[in-house]
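Remarks on the structure that follows.
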Amino acid sequence: MDKFLLFLWKRRILISINFVVVLALAILNAFVLAKPEYRSQITFLPLSEGASSGFSLMGISIPSSSGGSVLNEQVPMVFESHDITRQIVEKFNLYDLFKISKMKGKFEMINKLLKKYIELESKEKGSMGLEKTLGYSITCYHPSADTAEMMCSYAFALLDSTIRSISVTRAHGNRLFVEDQLKLHKSELDSLQQAFQKFQVTNKAFVVPEQVKLSLKNYAEIKSASILNELKMKSLQGEFQGDLPTINELKNNETIYNEKLSQIESDEAPDVVPSLGLSAKLLPKYTNLMRDMEVQEQVILLLSRELETARIEESKTVFPLVVVDHPYVADYKARPKRILIFAQFLIIEHLFLLLLFAYMFYFSNVFMKKESVRSFFQNIKSSL
C-alpha cells in the first residue's frame, strides 16, 4: 500500500492537472450543457369497473355480455401503443428535439427515449395479489414548460379518445352479435311454433294434459258403470234362472262397456279426448315442444334486454376517464439535478483514473517482476 501511495505521489502533478480539467468539464457539463427540463403532470381516476348487470334465464343468473370494454390493467398497454406514440412525436416534432430526424430506425430510438420523457404511473392500494388501482398519473418532461403542459394534456386526450374508441367498437360488435343471435332465435321459435301447430292439428292435441285428465275421467266413469252393471247382472242371475230380458240387456251393456274401455285404452285414432295409449305418446312430445318454445322465449327476452344495453353502450359519449388534477405550466425546472451530475462526473472520472494507475502500478511492480514473465520476454529478445 505504501508503494502504491508513493507511486501516486510521484504523479501528483498529473493528478492535479487532471482534477482541474475534470472539474472544469464537470462544471461545464452540469451548469452549461445540461439543459433544464420542466415537468407537467395530470392525474385521473381509473375506469369504473362495476359489476355488469346480469339477467336470469330459467332461474340461472347470466352475466351481461356488454360490460366494461377496457380493464384498468389494460390502460398502460393502450397508452404505450405505437399509434399514440407516433401522434405525440409528430405533434411536437420530437425527432428534431433529440436530433435523430435523419437517422434510420428513428421511431424505435425515440420510442425508447420517450419512456424517460412521458411516464404513466399507477397508484395502487393493497398487497398479496389483491391490489386495487386508485388512479393514474401522466408525467411529461420538456425543455419548454409550455410544451410540457401541452404534451401532458395531449397525451391524456389521446388515451381518453382511444379508450372511448375501443369501447364504442366493442359495443358496436356486441350489438351486431346480439342482433344476429336475436334473429336466429326468433327464427327457431317460429319454426317450433309451426311444428307445434302442425302437431296440435294432426293429433288434435290442443292441451294434452287437460285432454289426458278428460280421458282418465271418462275411463273412470265407464269403468264404474261397467262394474255396477256387472254387479246387477250377477245379482239377477243369482235370483232368477233362464234368460230374462233384463239380464240380456245387462249383458249387452257389458259388451258395450268393454268395447268402450278397450277403445279408450288402445285406440290410435286422434281425438279431442284421446285414448290412454295415444296420450302416453302425445304427452312427451307435447311437453318437449312446450319446453323448447319456453326456452326460446326466455332467450329472446334475455337477448332483447342485451340488445337495448348494447345500444346504450354504443351511443355513450361520456368521457370514461375523470381528471382530478389538471396539468399546469411549471415555473421551475424539475431536472436535471446539477449537483448530482457534477458529483457523478467527478467521481466516475477519478475512479477511472485510480483504476488506471492501479493497473499501471500492478503491471510495472508486480507483473513485470515475475521470473516467468521476465524469462518470457528475454526469450523473445534472444529470438529476435
Side-chain angles (χ1 to χ4, degrees), residues 52-67 173-233 250-312:
S52 300
S53 59
F55 300 103
S56 177
L57 175 61
M58 304 295 289
I60 302 174
S61 179
I62 297 178
S64 173
S65 64
S66 56
N174 286 338
R175 180 181 63 79
L176 294 179
F177 172 76
V178 174
E179 283 182 347
D180 292 340
Q181 291 299 311
L182 186 58
K183 291 178 182 178
L184 176 62
H185 286 281
K186 283 183 177 180
S187 176
E188 292 180 0
L189 179 59
D190 291 339
S191 299
L192 286 172
Q193 288 175 340
Q194 291 176 4
F196 183 65
Q197 183 180 4
K198 183 179 180 181
F199 169 79
Q200 286 181 308
V201 173
T202 303
N203 299 282
K204 297 183 180 180
F206 303 104
V207 186
V208 174
E210 297 298 327
Q211 290 174 283
V212 172
K213 290 181 181 178
L214 290 176
S215 297
L216 291 172
K217 182 180 179 181
N218 192 21
Y219 184 85
E221 291 176 353
I222 296 174
K223 187 67 176 177
S224 299
S226 175
I227 293 172
L228 182 60
N229 182 79
E230 184 180 359
L231 292 175
K232 287 181 180 180
M233 185 174 62
L250 290 174
K251 288 182 178 180
N252 293 332
N253 289 341
E254 183 180 12
T255 302
I256 294 173
Y257 287 145
N258 290 333
E259 290 178 355
K260 190 63 178 176
L261 289 174
S262 177
Q263 181 182 0
I264 294 175
E265 288 175 356
S266 59
D267 189 15
E268 295 293 330
D271 197 355
V272 175
V273 182
S275 66
L276 297 179
L278 184 60
S279 298
K281 298 177 181 179
L282 294 179
L283 186 59
K285 295 180 180 180
Y286 179 87
T287 304
N288 290 338
L289 287 171
M290 288 292 294
R291 181 197 60 207
D292 292 342
M293 287 193 297
E294 185 178 355
V295 169
Q296 291 299 327
E297 288 173 354
Q298 291 291 333
V299 171
I300 289 172
L301 178 62
L302 167 66
L303 291 175
S304 298
R305 294 175 179 174
E306 283 286 285
L307 181 59
E308 293 303 319
T309 304
R311 285 172 177 169
I312 293 172

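Since the structure is predicted, the reported quantities are computational estimates derived from the model, not experimental observations.
- Within the 4.5 Å cutoff, the side chain of Asn258 has heavy atoms near those of the Glu254 side chain.
- One finds the OG atom of Ser226 at 9.5 Å from the CG atom of Leu231 (value rounded to the nearest 0.5 Å).
- Between the side chain of Gln211 and the backbone N or O of Lys204 there is at least one donor-acceptor pair closer than 3.5 Å.
- The minimum heavy-atom distance linking Phe196 with Met290 is given by the pair CZ-SD, 3.7 Å.
- Using modelled atom types, one side-chain atom of Ser266 and one backbone atom of Ser262 make a donor-acceptor pair closer than 3.5 Å.
- Using a cutoff of 4.0 Å between basic side-chain nitrogens and carboxylate oxygens, Lys213 and Glu210 are scored as salt-bridged.
- At least one donor-acceptor pair under 3.5 Å links the side chain of Asn288 to the backbone N or O of Pro284.
- Note that CZ of Arg305 is 13.0 Å distant from CG of Leu182, once rounded to the nearest 0.5 Å.
- Between Glu179 and Lys183 no salt bridge is recorded (no basic side-chain N to carboxylate O distance below 4.0 Å).
- Counting heavy atoms from C-beta outward, Leu283 and Pro209 have side chains that approach closer than 4.5 Å.
- For the atom pair CG (Leu307) and CD1 (Ile312), the distance works out to 10.0 Å, reported to the nearest 0.5 Å.
- Looking at Glu308 and Arg311, a side-chain N of the basic residue comes within less than 4.0 Å of a carboxylate O on the acidic one, giving a salt bridge.
- Separating the CD atom in Gln197 from the CZ atom in Phe206 is a distance of 10.0 Å, to the nearest 0.5 Å.
- Between Leu189 and Met293, the shortest heavy-atom distance links the atoms CD1-O, 3.9 Å.
- Heavy atoms only, all atoms of each residue included: Val207 and Tyr286 are closest at CA-OH, 3.8 Å.
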Task: Intermediate values then yes/no, side chain to side chain contact (heavy atoms under 4.5 Å, CB included), Val178 and Arg175 - done: CA-CA 5 Å; Val178 174; Arg175 180 181 63 79; 5.9 Å; no
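- The distance from atom NZ of Lys285 to atom CG of Asn203, rounded to the nearest 0.5 Å, is 7.0 Å.
- Listed here is the closest heavy atom pair of Ile222 and Leu261: CG2-CD2, 3.6 Å.
- Taking every heavy atom of both residues into account, Ala205 and Val208 meet most closely at CB-CG2, 3.4 Å.
- For the residue pair Ile300 and His185, the shortest heavy atom distance occurs at CD1-O, 3.8 Å.
- More than 12 heavy atoms of other residues, nucleotides or ligands shown are found within 6.0 angstrom of CD on Glu297.
- Note that CG of Asp190 and CD of Gln194 are 6.5 Å apart. Values are rounded to the nearest 0.5 Å.
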